[in-house]
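Read the structure below first, then the notes.
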Amino acid sequence: MSVKPLHIIFFGPPGSGKGTQSAKLVQDFQLTHISTGDALRKEIRAGTELGERVKHIMEAGKLVDDDTIMEIVKSAIEKAGPNGFILDGIPRTIGQAQALDKILVEIGLPITHVPFLNVTRDVLKERICGRLFHPGSGRVYHRLYKPPKVEMTDDVTGEPLVVRKDDTEEVFDQRMKEYDATFEPVLKYYSEKNLLHTITGDEMSIEEIYDSLKNHLQQ
Ligand code: AMP
């Protein structure tokens, strides 16, 4: 698909389907996907000094300091391909948003689009808290949308299914509280710059959301 280079910040709460949509965009528009969470996890796996430094912070669910994050992002953007990039998981603070603006102006690649895939809380909760896993294979079911043939039983092996620790209401509420505290001010920052484009995905299929996203990116 030929369009002008895209410099995207993609926002969306956990369970919104942002990962699925990002993967489709990366493939169709040949974009570089830049996820600070992935980059940090890679450093930890490689046992680098940076990895050692951030490991405990990430395990505690706290934010890594802005300077470290901006260093990672700057170097990733400089290495991005000619068609542009999608930033995922960044910025998470106003400080990061401002630092990012500064870096992008310096390199001459200002943000072109800020889509926000919004899904209302009840729908997110239903999606996440209804998930069932088969630990042996990683197969995922859903109580409502993709129920196993026999209740709480894997279709292929007949083994029991489990609810993952993270997929309980209590953990969901905690994650959402953190999400709001972190991202709300940042969303406001881009809204005030008239860059934020909200897509409400509650009633839409994956394909419908993707069409809507593509429309936005081609404007
Ligand atoms: P994620 O995979 O985006 O949910 O990120 C996982 C963890 O990495 C977060 O809980 C933070 O500890 C850290 N992290 C990722 N991106 C950032 C960021 N932009 N600012 C601060 N910490 C981050």
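What you see below is based on every heavy atom in this structure, not just the backbone, and it leaves out hydrogens, waters and symmetry mates. In each ligand, atom 1 is the first atom listed, and ligand 1 is the first ligand listed.
One finds no salt bridge joining Glu184 and Lys188 here, because no Lys/Arg side-chain nitrogen approaches an Asp/Glu carboxylate oxygen to under 4.0 Å. Lys214 has no carboxylate O lying under 4.0 Å from a charged side-chain N of Glu207, or vice versa, which leaves the two without a salt bridge.
Taking each heavy atom of Tyr179 and Pro13 in turn, the nearest pair found is OH-N, 3.4 Å.
Listed by chain and residue number, His113, His197 satisfy the ring pair (Phe, Tyr, Trp, His ring centres under 6.0 Å) test with His216 (two or more places apart in sequence, or in another chain).
The residues lining ligand 1, counting any heavy atom closer than 4.0 Å, are Thr36, Gly37, Leu40, Arg41, Met58, Lys62, Leu63, Val64, Ile69, Gly89, Ile90, Arg92, Gln96.
Legend: salt bridge (Lys or Arg N to Asp or Glu O under 4.0 Å) pairs involving residues 129-140, not counting sequence neighbours, sorted by first then second residue: Arg131-Asp167, Arg139-Asp154.
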Which atom pairs, one a donor and one an acceptor, fall under 3.5 Å between side chains of residues 38-46 and the rest of the protein, sequence neighbours left out?
unit_1	atom_1	unit_2	atom_2	d
Asp38	OD1	Arg41	NH2	2.8
Glu43	OE1	Thr48	OG1	2.7

